[in-house]
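Worth saying up front: this structure is predicted, and the values here are computed from it rather than measured. Lettering of chains follows the sequences in order, A, B, ..., and the numbering in each one begins at 1.
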Amino acid sequence: MRLAVSKPPKPLVSVKDAQLHYRVGSAFSAMRGHSSVVKAVDGVTFEIQKGESVGLLGESGCGKTSMGRLLLKLEEATGGEIEFAGDALSGLKGPALKRYRAKAQLIFQNPFEAVNPRFTIRATLAEPLENAGIPAAEREGRIIEALELVRLPQPQQYLDRYPHQLSGGQLQRVVMARALILQPDFVVADEPVSMLDVSVRAGVLNVFRDVRDRLNLTAIYISHDLALVRYVCERTIVMYLGRIMEDGPTEDIVHEPLHPYTKALVAAVPVPHPDQSHDPLPIGRGAPDPRNPPSGCVFRDRCPLAFDRCAKEAPALRPAGSRKVACHLF
Amino acid sequence: MTETLLSVRDLKVSYQVGKGSIDAVDGASFDVPRGSIVGLVGESGCGKTTVARALTRVIADNASITGGQILFDGQDIAALPEREMNALRWRDIAFIPQSAMNSLDPVYTVEYQLNEVLRRRGGLGRRQARARCEELFEMVGIEAGRLGDYPHQFSGGMRQRVAIALALALNPKLVIADEPVTALDVIVQRQILDQLRELQSMLGISVILVTHDISVVAYVCDRTVVMYAGRIAEAGPMDAVLMEPSHPYTMGLRNAFPDLKGAASGVLTPIEGAPPNLAFPPPGCRFAPRCPFAVETCTTQQPALGMVAPDHRVSCHRADEAAKLRQEAARTETWLADA
Ligand SMILES: Nc1ncnc2c1ncn2[C@@H]1O[C@H](COP(=O)(O)OP(=O)(O)OP(=O)(O)O)[C@@H](O)[C@H]1O
Ligand SMILES: Nc1ncnc2c1ncn2[C@@H]1O[C@H](COP(=O)(O)OP(=O)(O)O)[C@@H](O)[C@H]1O
Ligand code: SF4
Ligand code: SF4
Ligand SMILES: [Mg+2]
Ligand SMILES: [Mg+2]
C-alpha cells in the first residue's frame, strides 16, 4: 500500500520577513534621542493560499494598512521579500506591474474619499476598464455586471449620478464594484465598513462574502474589530507594533486566544447583550509608541506575564497547535 | 428629591436651512433616573447630537428649540433665560462634545484648560484649583506630572480621559458624553468605559452616553433610548430593550450587529433602505418605509409613545404584538427587500 503524500499547495501570496520602515522627523529629533524611524512593518512572515480570506487585526497604528500597501506594491518594502504567484513584487516593472495592478485590488475605508466627486458612477467604473484597454463598446455591459455583482438593484439608475447622490452603503458597493470590475485574483479591503452605519454595514459585509465565494477571491480584510473579521475570515493574523503576534483559525483565536495581547483584544470586544464580563482587561494602560518600541518583545511593557527573557530577546513566531504565536511562553 | 433627575418632554429642535427648516428632533420624550447611565443610541443623522446639545442649550446658530420641556431637577431649563442657563453649565450639567479628543485647545496646556473651568467658572483659588487638577487627573488615571502637557502630547485615549476630567471638574449632577469612545480602539474603549462607570457610581452622578453602538450600551448602560429619524422609537431598561425589543427598528438593529460570543454561523441581516430625508419625512411612522411589519395605519398615522411595561415605552402601532413580531424578526427572510 502506498501512502498518498499530499504536498502543501503553493501559496498565492508569500511574505518573508517583510519590512516597511518610514523615516520620520528631523535630524534634530534624532539627536535628542528620539528614533527617527517608524517600523510600520517589521519582520512579517506569512503565506496565503488561493481562495483564502485572512483578517489583519490590531490597534490603530500597528501596521495593518502599511502591510496592505506592501502587498499591493503601493509601497516598496525596505526589507524582506513578497511574492505573488511565485513572482517577487520587487522585480515587477512595466507591463508585468500593470498586470499585477489589475489582478490585485484595494478597497478603501472611506468610500467618499475613494472616488472622484466630479465623476459620475459610470465614469468612475469606466476608468479602470479604459486603463486596461477594454473597448468602449464592452464597457457599459461590464459596468452593469459589476454593479449587479455587488447587489445594487436596478443599476441603470445610478450610472448618471454623482457620488454625493448615493448613500454611504451604496457608494461603498460602487467602490467594491470598481475593485472587482477587472476580475482580480486578490483584494485587500482596508476597514471597508468602518464609515458605514450599522444597519447598512451588514449588507455590505454580506455582499463581500458572497462575491468572494462566487469569484473564489483571495482576500485580506483589515480591521480593528474582531467581530467583523470573524464574520468574513476563516483565518486571522494579529499584529502589534509592526509584528505578528498570533496567526491562526479565527474561531480558535476567538474561543481560546493564546498570545497575551490577543487575550486582551478578545476580552475587550463588547457584545450587543447584557451577558458579558466586566473583569479588568489583562493588559497595561498606555498606547504602543511605534517610535520607541521596547527591547525584546514589543508587547512587554503592557504584558501582565512579562518576565526577564522578554526584555532581552524578541520571541520568534513559532507553531503552537493550530496556529503560530510569537511569545516566549509558547 | 425625586428619583428622576432629567425628564425630557416632547422636545422639538429644528434647523433653519435656506428658506426651509428641518425638524431634526420631533417630539422626543425620555427620563434620566438619578445615578444611572442612559444610552442614547441610533444611526448617523437620527438626532442624537441634536438632543444632547439641546439639553445643554449649546446649539448651532441655525438651530432652535421649537417645543417641549427639559425638566432638570424639576425646573424647565428649556425656558430658562440664557444667563441662568449658563450658570448651570459645568456646575450642574457638563457636556463632552463628539470628538472631544480633538476639541481640546492645542495652544494651551491641559492644566490651563482645567483652570479655565475651575477658576473662572468655579471660583476656585490658585491653590485649590491645583489640588483639584491633581485630584481630577488621579480620578481619570493620568499622572499629575502631565498636567503641564499640551493636548498633542497625549494619545487619543488620554485626551478622552482629559475631556472626562474637564467635565467632572465642578461636580456636575449630569454628564452628557457624545460618542466618547467611537474613534478609539477596542482596548482603550473598554478602559474608558470602565473608568466612566467607576466614576459614575463613585460620584453618584447621572450620565447620558450618546453612541451608535448597541454593544457599548449593553456594556455600561442601565437604560436605553433608541432614536430613529428624530423620534424616540423605544426607551426602557437596557436589558429589556436589547433582549426583548418591542420596536421593529430595535429588533432590526439587533440582527445587524455581530456578536463575538454568538455562534460562528450567525448571519448578519441588514435593514434595507436608509433613514428618511428629514426635510421631507414620511407621514405616519418614520420607520414604515423600511419596516417589514408596516400595515396601512403605519403610513398614515404617527404612532404615539405608549407603555409596554411600567418602565418601557415604544412608539409602534403594533407594540402589543411585539412578542410575535420578535419571532418573525429573528428570521432573515423577514428583512429581505422584496419579501
Ligand atoms: N447645523 C445644522 N444645520 C442643518 N442641519 C443639521 C445641522 N446639524 C445637524 N443637522 C441635521 O440634523 C439631523 C440630526 O443630526 P445630529 O448631528 O443630531 O445626528 P446624530 O444622531 O448625532 O448623528 P451622528 O451619529 O452622525 O453624530 C441630521 O439630518 C443632520 O444632517
Ligand atoms: N507615510 C508614512 N510616513 C511615516 N509614518 C507612517 C506613514 N504611514 C504610516 N506611518 C506610521 O506607520 C505606523 C503604522 O501605520 P499604519 O500601517 O497606517 O497602521 P494601521 O493601518 O494598523 O492603523 C504608524 O505608526 C503610522 O503613524
Ligand atoms: S514574550 Fe513575554 S512580554 Fe511578550 S507576550 Fe510573551 S510573556 Fe508577554
Ligand atoms: S408603527 Fe408600523 S411601520 Fe412603524 S415600526 Fe411599528 S409596525 Fe413598523
Ligand atoms: Mg489603517
Ligand atoms: Mg452625533
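Listed here is the closest heavy atom pair of Tyr219(B) and Pro270(A): CB-CB, 4.4 Å. Summarising the geometry of Gly203(A) relative to Pro270(B), their closest heavy-atom pair is N-CB, 3.4 Å, with the distance given to 0.1 Å. Nearest heavy-atom pair across Pro272(A) and Ser215(B) is N-OG, 3.4 Å. Between Ala218(B) and Val271(A), the shortest heavy-atom distance links the atoms CB-O, 3.4 Å. The two residues Gly262(B) and Arg230(A) make their nearest non-hydrogen contact at O-NH2, 2.9 Å.
Comparing Arg290(B), Met158(B), Arg197(B), Arg161(B) by heavy-atom pairs within less than 4.5 Å of chain A, the highest count is held by Arg161(B). Comparing Asp239(B), Val220(B), Ile187(B) by heavy-atom pairs within less than 4.5 Å of chain A, the highest count is held by Ile187(B). Chain B forms the most heavy-atom pairs under 4.5 Å with one residue out of Ile283(A), Val266(A), Leu281(A), Leu226(A), and that residue is Leu281(A). Per-residue counts of heavy-atom pairs under 4.5 Å with chain B were compared for Gln276(A), Gln170(A), His255(A), Arg209(A); the largest is that of Gln276(A).
With a 4.5 angstrom heavy-atom cutoff, Val217(B) does not touch chain A via any of its atoms. Looking at His278(A), both its backbone and its side chain come within 4.5 Å of chain B, counting heavy atoms on both sides. There is no contact between Arg151(A) and chain B, counting heavy-atom distances below 4.5 Å. Contact annotation for Val254(A): only side-chain heavy atoms (C-beta onward) come within less than 4.5 Å of a heavy atom of chain B.
Side-chain atoms of Leu265(A) and Val186(B), non-hydrogen and from C-beta on, do get closer than 4.5 Å to each other. With a 4.5 Å cut-off on side-chain heavy atoms, Arg201(A) and Leu268(B) do not count as touching.
Residue-environment remark: CD (Glu138(B)) stays at or below the threshold of 12 foreign heavy atoms within 6.0 Å. Within 6.0 Å of CD in Gln327(B) there are 12 or fewer heavy atoms belonging to other residues, nucleotides or ligands.
When atom types are taken as modelled, the side chain of Arg190(B) and the backbone of Ala267(A) share a donor-acceptor pair closer than 3.5 angstrom.
Using non-hydrogen atoms only and a strict 4.5 Å limit, the part of residues 241-261 of chain B facing chain A consists of Leu242(B), Met243(B), Arg254(B), Ala256(B), Phe257(B), Pro258(B), Asp259(B), Leu260(B), Lys261(B).
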